[in-house]
Asker: 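One structure is given below, represented as structure tokens, and several questions about it will come after.
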Amino acid sequence: MKIIKFDEIDSTNNYLKENFQQFDDFTVIAADRQTRGRGRLGKSFFSPESGIYFSLLIKDKEKLNYLDRFTIISAVAVFSELKAYTDKKLSIKWVNDIYIENKKLCGILTESRIQKDNEISYGIIGIGINLYNPEDGFPEDIKDKAGCLFDKKPDSFLKEKIVKAICERIYMLLFKYNEEYIDIYRENSYLDNKNIKLIENGNEQDVRALYIDKDCRLIIENEKGVKKALYFGDISIEI
């Protein structure tokens with residue numbers, strides 16, 4: 001594993017997408033700040049110097065067989081490493097966020113490139129973590145929803161230590177692939193038995209999140225008692 005560090009970059013995911021051919025499998029691009037950080041569904045990701053931002057490039061064909069589980073595996077890796085740094089409750093919000101108590105601590109964005117013959121060229125796992133409160137605070141639209149791992153700025157060496165530990169755990173989970181990570185994902189689900197809004201085709205529907213099943217699908221129930229399994233989707237929850 002090779003870690004390449006930038007003080008500032010537009011997006012660690014973008015950088016790998018544009019330059020993947022020159023890097024080996026499991027190269028990591030990390031930055032202190034992102035000017036155009038991205039989240040799922042085209043949303044922006046606030047990326048000041050108070051956070052950790054890094055992306056992993058995966059080109060190994062065997063590991064790419066598990067592309068559909070990259071987000072789940074990464075969430076478990078982040079959860080497992082970060083819980084050693086806080087006494088606050090951490091949980092995994094389906095499908096790609098880590099929460100600290102009732103606030104978002106981390107977001108994960110997985111991307112890939114599919115060739116014309118349907119062969120996967122690469123997979124990229126992008127991770128952004130709120131390490132401590134930014135000097136000017138969080139923007140108005142997320143200030144009540146964003147949480148941090150530490151109450152104050154930690155020692156500078158911790159950033160690199162955390163990045164390295166999370167990447168090594170992801171590699172271990174991919175290299176020694178088994179289903180044990182699914183139990184961790186399910187047992188630490190943030191959404192279990194919570195009322196949420198399901199957003200489909202621009203329409204919102206009030207539903208209840210029941211649990212995560214063994215295939216990492218979110219099982220929901222509408223007001224009529226009809227249950228549905230979601231492989232993916234856009235949901236929101238009031239904090």
Side-chain angles (χ1 to χ4, degrees), residues 1-3 12-13 16-17 20 23-30 38-41 45 51-85 90-100 104-114 119-130 149 161-192 209 211-219 229-235:
M1 178 176 65
K2 180 179 181 181
I3 300 177
T12 56
N13 266 34
L16 279 180
K17 287 168 68 176
F20 75 95
F23 295 123
D24 294 331
D25 180 49
F26 232 75
T27 295
V28 180
I29 301 297
R38 296 185 296 112
R40 288 181 67 244
L41 305 175
F45 191 91
I52 299 175
Y53 317 103
F54 59 102
S55 299
L56 298 77
L57 175 66
I58 298 176
K59 300 169 80 172
D60 180 88
K61 299 303 181 184
E62 184 176 349
K63 295 183 182 65
L64 287 174
N65 288 330
Y66 307 112
L67 180 66
D68 62 334
R69 294 294 176 92
F70 278 11
T71 300
I72 305 298
I73 286 173
S74 300
V76 170
V78 173
F79 169 85
S80 300
E81 292 300 330
L82 295 190
K83 68 180 183 179
Y85 291 96
L90 294 187
S91 53
I92 300 172
K93 176 180 171 288
W94 183 92
V95 59
N96 68 317
D97 295 332
I98 305 299
Y99 268 42
I100 185 164
K104 181 175 176 176
L105 173 65
C106 166
I108 300 167
L109 176 63
T110 299
E111 299 183 282
S112 62
R113 177 181 176 180
I114 311 296
E119 184 176 356
I120 303 170
S121 297
Y122 63 77
I124 294 173
I125 300 169
I127 297 173
I129 302 168
N130 299 326
L149 187 62
K161 181 180 179 181
I162 290 173
V163 169
K164 188 172 184 290
I166 290 173
C167 292
E168 287 177 345
R169 188 174 286 267
I170 291 174
Y171 184 86
M172 178 189 71
L173 290 171
L174 288 171
F175 185 73
K176 298 180 178 179
Y177 186 81
N178 58 55
E179 301 295 314
E180 292 179 6
Y181 72 93
I182 295 179
D183 292 335
I184 297 174
Y185 191 88
R186 298 178 66 195
E187 290 166 3
N188 294 281
S189 170
Y190 177 78
L191 292 178
D192 285 8
Y211 59 89
I212 306 293
D213 72 4
K214 61 181 179 62
D215 294 316
C216 294
R217 300 177 301 179
L218 178 66
I219 308 302
L230 301 178
Y231 285 96
F232 57 87
D234 189 15
I235 61 172

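Keep in mind it's a predicted model, so treat the numbers as computed, not measured.
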Asker: Of all residues at least two apart in sequence or in a different chain, which pass the salt bridge (charged side-chain N to carboxylate O under 4.0 Å, His left out) check with D183?
Answerer: none

Asker: Restricting to ring-ring contact (aromatic ring centres under 6.0 Å, His included), what partner residues turn up for F26, sequence neighbours left out?
Answerer: Y171

Asker: Mind checking whether S112 and F70 have side chains closer than 4.5 Å, heavy atoms only?
Answerer: no

Asker: Side chain to side chain contact (heavy atoms under 4.5 Å, CB included), that's the test. Do L218 and V95 meet it? Break it down for me.
Answerer: CA-CA 8 Å; L218 178 66; V95 59; over 6 Å; no

Asker: Return the set of residues passing side chain to side chain donor-acceptor pair (under 3.5 Å) with S74 (not counting sequence neighbours), or none when no residue passes.
Answerer: none

Asker: From I182 CD1 over to I72 CD1, what is the distance, rounded to the nearest 0.5 angstrom?
Answerer: 8.5 Å

Asker: Are any side-chain N or O atoms of D215 and backbone N or O atoms of R217, one a donor and one an acceptor, separated by less than 3.5 Å?
Answerer: no

Asker: Restricting to ring-ring contact (aromatic ring centres under 6.0 Å, His included), what partner residues turn up for F79, sequence neighbours left out?
Answerer: none

Asker: Would you compute the distance between atom CD1 of I170 and atom CD1 of I108 and round it to the nearest 0.5 angstrom?
Answerer: 7.5 Å

Asker: Could you report the tightest heavy-atom contact between L64 and G123, atom names first, then the distance?
Answerer: CD2-N, 3.5 Å

Asker: Of all residues at least two apart in sequence or in a different chain, which pass the salt bridge (charged side-chain N to carboxylate O under 4.0 Å, His left out) check with K61?
Answerer: E119

Asker: Rounded to the nearest 0.5 Å, what separation is found between the NZ atom of K17 and the OG atom of S55?
Answerer: 10.0 Å

Asker: For S91, which residues count as a side chain to side chain donor-acceptor pair (under 3.5 Å) partner, sequence neighbours excluded?
Answerer: none

Asker: For A165, what residues pass the side-chain contact (heavy atoms from CB on, under 4.5 Å) criterion, not counting sequence neighbours?
Answerer: E81

Asker: Going by ring-ring contact (aromatic ring centres under 6.0 Å, His included), name the residues that satisfy it together with Y185, two or more places apart in sequence or in a different chain.
Answerer: none

Asker: Looking only at heavy atoms, what is the nearest atom pair of F54 and V28, with distance?
Answerer: CB-CG1, 4.1 Å

Asker: Applying salt bridge (charged side-chain N to carboxylate O under 4.0 Å, His left out), name anything that partners D97, two or more places apart in sequence or on another chain.
Answerer: K93, K104

Asker: Would you please name every residue forming a salt bridge (charged side-chain N to carboxylate O under 4.0 Å, His left out) with D60, sequence neighbours left out?
Answerer: K63

Asker: So do L16 and E111 actually touch side chain to side chain, heavy atoms under 4.5 Å?
Answerer: no

Asker: At their closest point, which heavy atom of D24 faces which heavy atom of T27, and how far apart are they?
Answerer: O-OG1, 2.8 Å

Asker: Below 4.5 Å, heavy atoms only, C-beta onward: do I162 and L149 meet side chain to side chain?
Answerer: yes

Asker: Spell out, as yes or no, whether a donor-acceptor pair under 3.5 Å connects the side chain of R113 to the backbone of Y122.
Answerer: no

Asker: How long is the gap from CD1 on I29 to CG on N13, to the nearest 0.5 Å?
Answerer: 10.5 Å

Asker: Is there side-chain contact between I124 and I58, with at least one heavy-atom pair below 4.5 Å?
Answerer: no

Asker: Side chain of W94, backbone of G233: donor and acceptor closer than 3.5 Å?
Answerer: no

Asker: Which residues pass the side chain to side chain donor-acceptor pair (under 3.5 Å) test with T71, sequence neighbours left out?
Answerer: T110

Asker: How about I100 and N130: do any of their side-chain heavy atoms sit closer than 4.5 Å?
Answerer: no

Asker: So, using side-chain contact (heavy atoms from CB on, under 4.5 Å) as the criterion, who are the partners of E168 when residues are at least two apart?
Answerer: M1, K164

Asker: Would you compute the distance between atom CZ of F23 and atom CG of L56 and round it to the nearest 0.5 angstrom?
Answerer: 13.0 Å

Asker: Check whether any side-chain N or O of K59 sits under 3.5 Å from a backbone N or O of F20 as a donor-acceptor pair, and report yes or no.
Answerer: yes

Asker: Any side-chain heavy atom of I235 sitting closer than 4.5 Å to one from L191?
Answerer: yes

Asker: Just how far is it from atom CG of L90 to atom CD1 of I98, taken to the nearest 0.5 Å?
Answerer: 7.5 Å

